[in-house]
Amino acid sequence: MKLVWSPEELVEHWSVEPEDRANIPDTAGESGCLGFIAQLTFYRLWARFPDGRADFAATVFAHLAEQLNISEVTIASYDWNGRTGRRHRRLILELLGVLSFDATAQAAFQSWLLAELFPTEPGSAESEERIDQWFVQTKRERPGSYRLDRLIGSVRQSYDERVFQTVMDRLDEPMRGKLDALLEDTGDGSPLLDLRADPGRVGLESILEEVEKLERLRTLALPADVLRSCSAASIKRYRRRAATENPWELRRHPEAIRLPLLVFYCVPRQAELIDGLIELLIQITHRITVRAERRVTAEILNDFQHVRGKAGILLRIAVAALDNPDGAVRDVIFPVADEQTFENLIKEQRAGASYQQRIHTIVRSSYSSHYRRMLPKLLNVLEFRSNNAVYRPLIDALEVLEREHETGQQYFALSAVAVDVIRPKWRELVIEEAPDGSQRVNRINYEICVLQSLRERLRSKEVWVAGAERYRNPDDDLPTDFAQRRVACYARLGLPLDAPTFIAQLQAEMRAALEQLDRGLPRNPGVRLDPRRQHNPIIVSPLEAQPEPPNLDALKAELGRRWSMTGLLDIVKEADLRIGFTQAFTSAASREAIDLREVQSRLLL
């Protein structure tokens with residue numbers, strides 16, 4: 001029960017009305033008067049009677065006693081579960097017109113649980129609150145905790161069976177056989193364990209492995225609407241149950257439970273794999289370019305020799321050449337500007353002029369010799385779409401690459417591809433001149449440009465992927481009536497309707513944040529800059545340890561009193577060995593690359 005009440009909440013929920021005073025039994029003393037009013041107001045709030053003083057906050061008794069002009073300490077002598085308390089409860093039920101929880105009420109309660117509560121999968125606190133509201137609204141006497149828990153558990157089981165049966169009815173025999181095949185032990189483990197494995201480090205091998213998993217799930221040929229009647233919360237709960245059971249435990253279930261659990265795991269897992277593939281594609285595309293830029297930059301810095309005083313050097317060369325126009329270069333020019341100076345001038349000029357070409361050469365080499373194998377695989381398993389006509393050329397370019405991936409041609413005709421996806425700085429490298437004088441498109445260079453454009457559009461959700469979760473159709477994230485409620489939605493978010501105004505506000509916030517960083521960084525002892533570090537020059541000092549919360553100190557003290565030789569960490573570790581509660585911790589990211597044992601060690605130690 002709630003133990004912290006504000007003054008406004010006390011007035012709203014714990015005020016004693018005149019009719020309440022009139023209903024106080026004549027035989028009640030000060031303790032009985034306060035206990036009767038406390039039970040009455042408590043029942044109005046939660047449709048059940050308190051177990052004792054522990055269900056109330058001290059401020060509640062003080063507030064009630066002040067209204068009754070009696071001392072709050074008198075409540076200590078009130079017999080909550082004795083004859084006086086039981087008599088007061090019967091009287092309260094009569095005053096409030098509360099009916100008994102008979103067979104009719106039980107049937108209505110069960111129907112309400114099945115139709116309204118369980119499909120939304122509320123948390124324990126919300127579920128308890130909604131059940132309390134049902135008893136308040138229907139004015140039915142709340143059964144005892146043991147009976148109510150058994151009733152809720154029974155209805156929960158019936159709800160699960162109904163959901164499982166609905167899913168089973170949508171599976172034909174071939175689908176059922178393929179689902180059972182996921183649990184077969186092949187000697188190296190079951191296919192289900194392979195599907196559960198997280199992708200490895202970012203690279204081509206990880207993409208190929210994830211594609212293989214996605215293709216395995218798609219061979220199940222599950223209907224697209226197999227889970228259409230289930231809420232997202234229900235799917236998450238069943239999926240968590242299937243993910244925590246090993247294949248041996250799943251095989252022990254009857255078919256009516258085993259197969260639906262596998263469906264609840266495989267359908268969300270397919271969306272996760274698609275999201276993971278997109279993340280890998282974005283990271284690999286970025287990595288290819290960044291590594292090339294770093295390599296070229298390092299080479300240029302090593303070779304670069306800045307030549308100072310070019311105007312003076314040119315003047316001396318011109319004077320020497322005019323004074324002796326028929327002389328040899330070595331005899332006339334080198335005395336005023338030696339060979340090393342000319343070499344430095346050439347390196348400086350070439351470093352600036354060929355920067356993009358050198359980057360492109362490395363990117364092309366890395367892509368064509370290694371990463372290019374991923375493109376046909378991705379185009380075969382991922383379906384890219386866009387709701388914006390501006391990015392239709394990118395979708396057309398992907399369709400061309402998918403259609404032509406088995407052909408061995410090195411060039412495309414200029415009219416056969418969408419050239420809008422080519423960045424201006426890459427245009428000269430992608431569009432070449434053919435021997436006959438016409439223009440043609442270099443296929444590998446074009447593929448690189450398409451992937452770079454695709455990365456940017458995926459990150460902004462201008463391009464989305466069918467079947468994905470994080471990269472799904474952005475229109476699905478909007479309410480169905482957003483067009484009608486647009487003004488109200490923006491008002492609730494505190495955002496302007498005008499796009500330039502929103503951008504101006506965002507820029508002002510960013511400018512203010514940068515100014516604050518500029519002012520505070522020199523005087524911040526916990527942050528410093530190290531110019532010797534190329535990639536991450538900002539160094540942040542570790543934060544000081546926070547004081548332990550009081551409840552943790554009290555818990556350790558109680559453990560020390562009961563088991564003086566056992567520490568809290570030992571008890572937590574033993575509990576995890578018995579029930580495996582650390583397996584319930586999941587990453588907030590789209591994928592997990594850390595081994596489960598390593599996660600368990602970090603959580604416990």
- request: Go through the steps to decide whether Leu277 and Leu273 satisfy the test side-chain contact (heavy atoms from CB on, under 4.5 Å), and finish with yes or no.
  value: CA-CA 6 Å; Leu277 280 173; Leu273 289 174; 5.6 Å; no
Evaluation steps, side-chain contact (heavy atoms from CB on, under 4.5 Å), between Gln270 and Leu214: CA-CA 6 Å; Gln270 181 170 319; Leu214 183 58; 3.6 Å; yes
field: Working for salt bridge (Lys or Arg N to Asp or Glu O under 4.0 Å), residues Glu121 and Lys236
entry: CA-CA 9 Å; Glu121 294 289 340; Lys236 185 177 181 180; over 6 Å; no
- request: In sequence, state the C-alpha distance, the side-chain angles, and the governing distance for Thr41 and His63, and then conclude on side-chain contact (heavy atoms from CB on, under 4.5 Å).
  value: CA-CA 12 Å; Thr41 50; His63 182 70; over 6 Å; no
field: Pair Glu215-Arg218, salt bridge (Lys or Arg N to Asp or Glu O under 4.0 Å): steps then yes or no
entry: CA-CA 5 Å; Glu215 290 176 340; Arg218 287 182 173 173; over 6 Å; no
query: Does the salt bridge (Lys or Arg N to Asp or Glu O under 4.0 Å) test come out yes or no for Arg44 and Asp20, once each step is laid out?
result: CA-CA 12 Å; Arg44 280 176 174 163; Asp20 297 337; 2.8 Å; yes
- request: List the steps and the verdict of side-chain contact (heavy atoms from CB on, under 4.5 Å) for Leu250 and Leu182.
  value: CA-CA 10 Å; Leu250 287 170; Leu182 296 177; over 6 Å; no
query: Yes or no on salt bridge (Lys or Arg N to Asp or Glu O under 4.0 Å) for Arg90 and Glu94, after CA distance, side-chain angles and deciding distance?
result: CA-CA 6 Å; Arg90 289 194 298 268; Glu94 294 176 2; over 6 Å; no
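Taking a 6.0 Å sphere around CZ of Arg459, one finds it holds 12 or fewer heavy atoms contributed by other residues, nucleotides or ligands. No more than 12 heavy atoms of other residues, nucleotides or ligands shown are found within 6.0 angstrom of CG on Leu543. Within 6.0 Å of the CZ atom in Arg150, the count of heavy atoms belonging to other residues, nucleotides or ligands does not exceed 12. Shown here is Glu558, whose CD atom has more than 12 heavy atoms of other residues, nucleotides or ligands within 6.0 Å.
For the pairing with Trp80, the ring-ring contact (aromatic ring centres under 6.0 Å, His included) check across Phe49, Phe42, Phe56 returns one residue only, Phe56.
Here the closest non-hydrogen pair linking Val263 and Leu179 is CG2-CD1, 3.7 Å. Residues Gly85 and Tyr78 share a closest heavy-atom pair of CA-OH, 3.6 Å. Leu227 approaches Arg170 most closely through the heavy-atom pair N-NH1, 4.0 Å. Nearest heavy atom pair, residue Leu117 against residue Ser127, reads CD2-OG, 3.8 Å. Between Ile571 and Leu559, the shortest heavy-atom contact is CD1-CD2, 3.4 Å. Heavy atoms only, all atoms of each residue included: Asp194 and Lys213 are closest at O-CE, 3.3 Å.
Judged by distance alone, the side chain of Glu249 and the main-chain N or O of Asn246 form a donor-acceptor pair under 3.5 Å. Judged by distance alone, the side chain of Arg86 and the main-chain N or O of Asn81 form a donor-acceptor pair under 3.5 Å. Remark: side-chain polar atoms of Asp79 are not paired, donor with acceptor, to backbone N or O of Thr84 under 3.5 angstrom. Listed for the Arg140 side chain is a donor-acceptor partner under 3.5 Å among the backbone atoms of Ser100. Checked by atom type and distance alone, the side chain of Ser386 pairs as donor or acceptor with a backbone atom of Glu462 at under 3.5 Å. At distances below 3.5 Å, at least one donor-acceptor pair connects side-chain atoms of Arg176 with backbone N or O atoms of Met168. A donor-acceptor distance shorter than 3.5 angstrom exists from the side chain of Arg258 to the backbone of His253, with no hydrogens or angles considered. With hydrogens and angles ignored, the 3.5 Å screen pairs no side-chain donor or acceptor of Ser154 with any backbone N or O of Leu151. Checking side-chain atoms of Arg269 against main-chain N and O of Leu195 turns up a donor-acceptor pair under 3.5 Å.
For Asp475 and Trp464, the side-chain atoms include no donor-acceptor pair closer than 3.5 Å. Side-chain contact of Ser231 with Ser234: a donor-acceptor pair under 3.5 Å is present, judged by distance alone.
With a 4.5 Å cut-off on side-chain heavy atoms, Phe482 and Cys489 count as touching. Residues Trp134 and Arg130 fail the side-chain proximity criterion, which asks for heavy atoms closer than 4.5 Å. Annotation: side chain of Phe581 is in contact with side chain of Val572 (closest heavy-atom distance under 4.5 Å). Looking at heavy atoms from C-beta onward, Leu99 lies out of side-chain contact with Thr138 at the 4.5 angstrom threshold. With contacts defined as side-chain heavy-atom distances shorter than 4.5 Å, the pair Leu262/Leu183 qualifies. Looking at heavy atoms from C-beta onward, Arg472 lies in side-chain contact with Asp477 at the 4.5 angstrom threshold. Using a 4.5 Å heavy-atom threshold, the side chains of Pro223 and Arg228 count as separate. Side chains of Val465 and Ile278 form a contact here, defined as non-hydrogen atoms less than 4.5 Å apart.
Ring pair His88/Phe36 is perpendicular by interplanar angle, where above 60° counts as perpendicular and below 30° as parallel.
Taking CZ of Phe61 as the start and CG of Leu68 as the end, the distance is 12.0 Å to the nearest 0.5 Å.
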Side chains of residues 103-114: which donor-acceptor partners sit under 3.5 Å, not counting sequence neighbours?
from, atom 1, to, atom 2, distance (Å)
Gln106, OE1, Arg147, NH2, 3.1
Ser111, OG, Ala107, O, 3.0
Trp112, NE1, Glu116, OE1, 3.2

Tell me which donor-acceptor pairs under 3.5 Å the side chains of residues 11-19 have, and how far apart each pair is, sequence neighbours excluded?
from, atom 1, to, atom 2, distance (Å)
Ser15, OG, Val11, O, 2.3

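In this structure, Asp132 pairs ionically with Arg142, as a charged nitrogen and a carboxylate oxygen lie closer than 4.0 Å.
Figure legend: Arg196 and Tyr265 shown as a cation-pi pair, the cationic atom lying under 6.0 angstrom from the six-membered ring centre and within 45 degrees of its axis.
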